[in-house]
Amino acid sequence: MNFYLLTLIKMALTALVLLTCCAYAVWVERKVLAHIQLRPGPYRVGPHGLLQPLADLIKLLTKEGIVPSYANPFFYLLAPFLAVALALTAIVVIPFTPEFELFGVRTAIGLTDLNIGILFLLALSSLGVYGIAIGGWASNNKYSLMGSLRSSAQMVSYELPLAMAIVSPLLLVNTLNLREIVELQNGFHFGLLPKWNVFASPVPQALGFVIFLIAAFAETNRVPFDLPEAESELVAGFHTEYSSMMFASFFMAEYANIITICCVATVLFLGGWHPLWPAEYGSDLVPVVLLAAAGLMLLFHAAQAARRRKWDRFTFPVFGVLLLGLAPVFLIPVLKPVLIPFFWFVAKAGFLVFVFIWIRGTLPRYRYDQLMRFAWTFLFPLSLANLLVTGLVVALAG
Amino acid sequence: MPEGYLPIFIFLICAILFPLVLLAIFRYLRPSLPIPVKLEAYECGIRAASNARGRYTVRFYIVAILFVVFDVETIFLFPWAVRFRQLAWFGVAEVAVFLSILIVGYIWAYKKGALEWV
């Protein structure tokens, strides 16, 4: 098939899936937080609040967009679009599946395959500071300016441990290409433990993974490092003045960043699309069992007479049958080389997104001096030591 | 491989156009009633006391300078990581010397109190 046609099709699919994921990441976050706090969470719009993201989008789009009279209009309008464009573009280098052949077309899920993939991601994540810095400055509001200054300082400080934590697994794989990095993590120790970089043979990169995750929390301005939008002191931080579509852009950029950084962690440390245990012990059956179990559970609830909610009488059986019908798709031999790796990638990245939300529901916020001291006097030396030890041990091992 | 970068540019253009198109379409659906009070800077309901473009703590500048020094360092580590097998012990020794110079700088900055906030 034509290269350009294929690229356009893949791009449209990626954009659609990414935007939907961003919208539903918000729903998942609200639901998980609610259940951590023993509340039901969004419940009114659609079954179990499933249409809530759509309602939020319509509400935000039809609100009045205010440009404050003291603001610098050009930069004020530029900032949210800069933030969202850079955040969405980062997904193009992530490889989701190995190359496969389907209906005579040889391709892979994942838009492009750069030989400098990691540097590209680092460059984009550095540029992400601009959206926040420009937005906060252009608003000409004290809260916005404080939020954007804090955010810029925090993001540049945590970029050092992040980059250091990325270099140490690179010592093991010796390439910047994300697809090659995943392919080199193939195989199992003793036929059981996967050879991901967290369990790599001379030096396991578990410490590097933890440093990367902590720095990722700070880079995406999430709890416990959400100082730029600390509600109790800064109203809403850098987007205090923003409303309507411009606020939605900042919001979307934040969730796109979270999804991208979880995918990067999956590629670098968790072995990308490689399964948790060998296929001989039935790792291929995991998606089938999970989907079937979920479908059966929904059908069981649909059969319960005590359920009297208006929506549930339709949605439980419909979703139950849908999930049950989806389960055997993972058994079709033609689709297997696509769907099984894709499932494992999405499962790992999705689990990391869940960890982001989990931590938000668990930890309190840092104080700003603690945050900066933690980055410069603890995390940075620790990542440096991790890098040096990794280099020495890998060189000793030959 | 120039075609490897083509999807990035197309995707970037789409990512820029997407919010702009939404903005343009919904301009006709949303209200626009700008009144002077509404357009004031938000300061929890009271009138803005002064312009926001005032002075702020010098700590932010120090963090920015430190970042430039140490971030350039991390960029030099990437080529070393990629060519690690070929360079072997020579590369390790070079990086050890390079990093030790920076670690001395780090200790100096620490002693000067540049890493302490307040």
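Small disclaimer: the values here were computed from a predicted structure and weren't measured. A, B, ... follow the sequence lines: proteins, then strands. Residue 1 opens every chain.
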Worksheet entry | Leu176(A) versus Val82(B), closest heavy-atom pair with distance | CG-CG2, 3.6 Å

Response to the item:
Note: Val167(A) and Ala81(B) closest approach over all heavy atoms is CG1-CB, 4.0 Å

Discussion item. Under 4.5 Å from any heavy atom of chain B, what part of Leu388(A) do you find: side chain, backbone, both or neither?
Written reply: side chain

Worksheet item: Which bit of Leu371(A) comes within less than 4.5 Å of chain B, counting heavy atoms only: side chain, backbone, both or neither?
Response: neither

Item to complete: Against chain B, work out which of Leu8(A), Ile66(A), Leu61(A) has the most heavy-atom pairs shorter than 4.5 Å and name it.
Response: Leu61(A)

Worksheet entry | Which portion of Phe70(B) sits near chain A, non-hydrogen atoms under 4.5 angstrom | both

Worksheet item: Do other residues, nucleotides or ligands put more than 12 heavy atoms under 6.0 Å from the NZ atom of Lys10(A)?
Response: yes

Fill in: Which atom of Met11(A) lies closest to which atom of Cys14(B), heavy atoms considered
CE-SG, 4.1 Å

Practice prompt. Check each atom of Met252(A) against the heavy atoms of chain B and say whether the ones under 4.5 Å are side chain, backbone, both or neither.
Written response: side chain

Worksheet item: Relative to chain A, which segment of Ile103(B) carries a heavy atom at a distance below 4.5 Å: side chain, backbone, both, or neither?
Response: side chain

Worksheet, complete the sentence: Rounded to the nearest 0.5 Å, the CG atom of Leu162(A) sits from the OG1 atom of Thr74(B) at a distance of 9.5 Å

Worksheet item: Given that the side chain runs from C-beta out, which part of Gln86(B) has a heavy atom under 4.5 Å from chain A: side chain, backbone, both or neither?
Response: neither

Discussion item. Between Trp137(A), Tyr143(A), Tyr368(A), who has the most heavy-atom pairs with chain B when the cutoff is under 4.5 Å?
Written reply: Trp137(A)

Worksheet item: Any idea which heavy atoms bring Leu149(A) and Phe60(B) closest together, and the distance?
Response: O-CE2, 3.5 Å

Discussion item. Quick one, Leu115(B) with Arg373(A), criterion side chain to side chain contact (heavy atoms under 4.5 Å, CB included). Give me CA distance, side-chain angles, the key distance, then yes/no.
Written reply: CA-CA 7 Å; Leu115(B) 306 179; Arg373(A) 192 178 298 130; over 6 Å; no

Fill in: Region of Val394(A) in contact with chain B, defined by heavy-atom distances below 4.5 Å
both

Discussion item. Shorter than 4.5 Å, heavy atoms on both sides: which option in Val93(A), Val173(A), Thr14(A), Leu160(A) has the most such pairs with chain B?
Written reply: Leu160(A)

Worksheet item: When rounded to the nearest 0.5 angstrom, what is the spacing between OG1 in Thr89(A) and CD1 in Ile16(B)?
Response: 7.0 Å

Discussion item. Does atom CZ (Phe98(B)) have a neighbourhood of more than 12 heavy atoms from anything else shown, all under 6.0 Å?
Written reply: yes

Item to complete: Considering non-hydrogen atoms only, spot the tightest contact between Ala85(A) and Leu12(B) and give its length.
Response: O-CD1, 4.1 Å

Fill in: Residue Thr62(A) versus chain B: region with a heavy atom under 4.5 Å
both

Fill in: Contact class of Phe11(B) relative to chain A, heavy atoms under 4.5 angstrom
both

Worksheet item: To the nearest 0.5 Å, what is the distance between CG (Leu99(B)) and CG (Leu387(A))?
Response: 6.5 Å

Practice prompt. Heavy-atom distances under 4.5 Å only: say whether Leu145(A) touches chain B with side chain, backbone, both or neither.
Written response: side chain

Worksheet item: Once you round to the nearest 0.5 Å, how far does CD1 of Ile8(B) lie from CZ of Phe120(A)?
Response: 4.0 Å

Fill in: More than 12 heavy atoms from other groups under 6.0 Å of CZ on Phe76(B)
no

Practice prompt. With a 4.5 angstrom heavy-atom cut-off, could you sort out which part of Ser69(A) is near chain B: side chain, backbone, both or neither?
Written response: both

Worksheet item: When only pairs under 4.5 Å are counted, which of Ala15(A), Ala395(A), Pro68(A) shares the most heavy-atom pairs with chain B?
Response: Ala395(A)

Worksheet item: Which one of Leu17(B), Ile13(B), Leu33(B), Val95(B) has the most heavy-atom pairs closer than 4.5 Å to chain A?
Response: Leu33(B)

Practice prompt. Select, from Leu172(A), Val156(A), Asn141(A), Val67(A), the one with the greatest count of heavy-atom pairs under 4.5 Å involving chain B.
Written response: Val156(A)

Fill in: Pick from Arg83(B), Arg30(B), Arg85(B), Glu73(B) with the largest number of heavy-atom pairs that fall under 4.5 Å of chain A
Arg30(B)

Item to complete: Of all the heavy-atom pairs spanning Tyr106(B) and Pro381(A), show the shortest one and how long it is.
Response: OH-CG, 3.2 Å

Worksheet item: Do you know which of Phe78(B), Tyr110(B), Trp80(B) has the most heavy-atom pairs under 4.5 Å to chain A?
Response: Phe78(B)

Practice prompt. Please determine, among Met146(A), Met246(A), Met164(A), Gln370(A), the option with the most heavy-atom pairs under 4.5 Å with chain B.
Written response: Met164(A)

Worksheet item: Top residue by heavy-atom pair count (under 4.5 Å) with chain A, among Val68(B), Leu29(B), Ile25(B), Leu66(B)?
Response: Leu66(B)

Worksheet entry | Interchain contact, Leu102(B) with chain A, by part (heavy-atom threshold 4.5 Å) | neither

Item to complete: Quick one: pull up CG in Leu122(A) and CD1 in Ile75(B) and give me the separation to the nearest 0.5 Å.
Response: 6.5 Å

Practice prompt. Report yes if the side chains of Phe18(B) and Leu19(A) come closer than 4.5 Å at any heavy-atom pair, otherwise no.
Written response: yes

Discussion item. Is there a side-chain contact between Val92(A) and Pro7(B) in this structure, where contact means two heavy atoms from C-beta onward sitting under 4.5 Å apart?
Written reply: no

Worksheet item: Given a strict heavy-atom distance threshold of 4.5 Å, which part of Val92(B) is in contact with chain A: side chain, backbone, both, or neither?
Response: side chain

Discussion item. Are more than 12 heavy atoms, taken from residues, nucleotides or ligands other than Trp108(B), located less than 6.0 Å from that residue's CH2 atom?
Written reply: no

Worksheet, complete the sentence: Cut-off 4.5 Å, heavy atoms of chain B, and the answer for Lys142(A) is both

Worksheet item: Where does Ser144(A) contact chain B at under 4.5 Å (heavy atoms): side chain, backbone, both or neither?
Response: neither

